[in-house]
Amino acid sequence: MITEEKKEEKNLNFIEEIVEGDLQSGKYTQIITRFPPEPNGYLHIGHASSICLNFGLTKKFQGYTNLRFDDTNPVTEDTEYVESIKNDIRWMGFEWENELYASDYFDKLYEFAVTLISKGLAYVDDSTSEEIATLKGTPTEPGKDSPYRNRTAEENLVLFEEMKNGAFPDGSRTLRAKIDMAHINMLMRDPILYRIKHAHHHRTGDKWCIYPMYDFAHGQSDSIETVTHSICTLEFAPHRELYDWLIEQLGIYPSQQYEFARRNLNYTVTSKRKLLRLVQEGHVNGWNDPRMPTISGLRRRGYTPESIRDFCERIGVARRENMIDVGLLEFCVREDLNKIASRRMVVLDPVKVLITNFPEGVTEMCHSENNPEDMGAGMREIPFTKEIFIEKEDFMEVPSKKYFRLAPGKMVRLKGAYIILCNDMIKNEEGEITEVHCSYVENSKSGQDTTGINVKGTLHWVSALHAAEVEVRLYDRLFSVEDVSSEEGDFQDYINPKSLEIITGYAEPALLEAKEGESFQFLRKGYFAKDSDSNAARLVFNRTVTLRDNWTKAAEK
RNA sequence: UGGCCGAUGGUGUAAUGGUAACACAGGACAUUUUGGUUGUCUUAUUCAGGGUUCGAGUCCUUGUCGGCCAACCA
């Protein structure tokens, strides 16, 4: 018990350590975090990490987390995304204290801007975006002051109000902070605070034609909500100086920003821009395509919230660049599904086996455990008949040394049923094996085996008479290279052409009772989840992940 | 040729000046009516140089390498 507590304490990541320190020192009596998605796309595995961090922090320590949509750019944002984001967070197992929107604060933000102007710390600039860019300088050269920089506060106040009232066209003017055009930090070179966009906003409609920039919305929203720890990714680190400056000049609640490195997964992409292109250009079937690294895609693929949270916990939080092996994600879902998924037998690539000494027209019921890891899951019935299917790969005419499946003269156990002995096979004109002839061993039935025969191999099988055809979708990694961004050319050049294979599987009858979204282990084949494309006439299953497979690995050597 | 951030096994993360650890991946064996699971064992690590110190992955310094910063995106 003591060692367990110690371990837990030692596992604190650097942000948890900061929070713990702030709580212990009495700086705060409770902490407030926020998860701030922009509603312009679906949440992905990288967001999952941020969700676990922000919500996990206030679950572990005293406090709460707000969900705040960062909706300051009406052109790209949509309520469809708002709904999917809320759904995904809840599915992940977290609940927010308040559902908030940066757009809720547009009036307040406008007041803040007026305050800044009045203090001589912001001005209306009539420069074009090209002019602004030119005057900005470069990281090694200082910028130059805009010719509009020294307008009086009175003049600025009037112009800014006219901007708000729609007197000017898009892009004709901006409100800029008056800081220092020679500042070593480019973001401090009079950053733009407001721009003119005569665009319809998903929440405020046509009320506004000026919208605040990220830097003038995010920190101020944090402050309004008295967020104590504002956690974001590393690329915002240079923004922190501006974040602090604005809060300081406005004299408002001092939220503090902390940055951590975004998590990268190999063989996929997690940039919203790229994900959007995959969807729009039809490389996948929507944001929730099971190949997508989106939360909704992973859910449809069969990933559980538990496994994703476990993954986020295992990859941790740090400040260094990283490329996480997708194998770890797969490990996490296997570990979870192994405990909870019912076993079913489904033959994916069948060859017929005739049990020559079994009576014709007879169906004998066998019984098998639903889950050997959980005897509470009970047993199920499986019909056995004279004709069954097994996997083609489970029979070999000339077996290699370590092969212990079916081969002429060899015996295997049929899972939950009898031991069979292979006597013969039938080939077609092309020399392909079309039928395997076996005899079953009497008194070898599973659970009542008195033969004392020990066989090395156990195969899954399904009665040909009872086999139900189901559609099975086999997924592979979406990209054929680990890190698309380090390759030449367009990222879509590296899409794996074999990322989806659709086949017909032959399932035991018990699988027909599957509920939508339910996960199963298809014995010896992997974990599969029933897809929402299923209907009364056709069941569809998505392969979540294969089982660990030492045999294929060894056989390839 | 500016500034900021970073660098620990193949991957990810710990070690908070005092024995470099954990997980995944890899390898071996055992168990197994899933070549699954489980168990045991195992391979492999502090970017480089200099300094401070009884003692440095940790502090200082120089260098190297990587990331970020010049959107009216977030």
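Proteins get letters first, then strands, A, B, ... in listed order; numbering begins at 1 in each.
Aromatic ring pairs are classed by plane angle as parallel below 30°, tilted from 30° to 60° and perpendicular above 60°; the pair A:F528 and A:F522 is parallel.
Nucleotide B:A28 has B:U40 as its partner under the Watson-Crick or G-U criteria, with both atom distances under 3.5 Å. Taking a pair to require two hydrogen-bonding distances under 3.5 Å in either a Watson-Crick or a G-U wobble arrangement, B:U33 remains unpaired. Using N1 to N3 plus N6-O4 or O6-N4 for Watson-Crick, or N1-O2 and O6-N3 for G-U wobble, each under 3.5 Å, B:G66 pairs with B:C5.
Separating the C1' atom of B:A21 from that of B:A14 is a span of 7 Å, rounded to the nearest Å. Taking atom P in both B:U61 and B:G3, the straight-line distance is 14 Å, to the nearest Å. Rounded to the nearest Å, the gap between the C1' atom of B:G6 and that of B:A71 is 25 Å.
Of the two residues contacting RNA chain B, namely A:N454 and A:R319, the nearest-nucleotide position lying further toward the 5' end is that of A:R319.
A donor and an acceptor atom, one from each side chain of A:S103 and A:D71, are located under 3.5 Å apart.
Remark: aromatic rings of A:Y81 and A:H202 are distant, center separation not under 6.0 Å.
Between the side chain of A:R263 and the base of B:G12, no donor-acceptor pair of N or O atoms lies under 3.5 Å.
Candidate nucleotides B:C68, B:A7, B:U34 were compared by shortest atom distance to the side chain of A:E235, and B:C68 ranks first.
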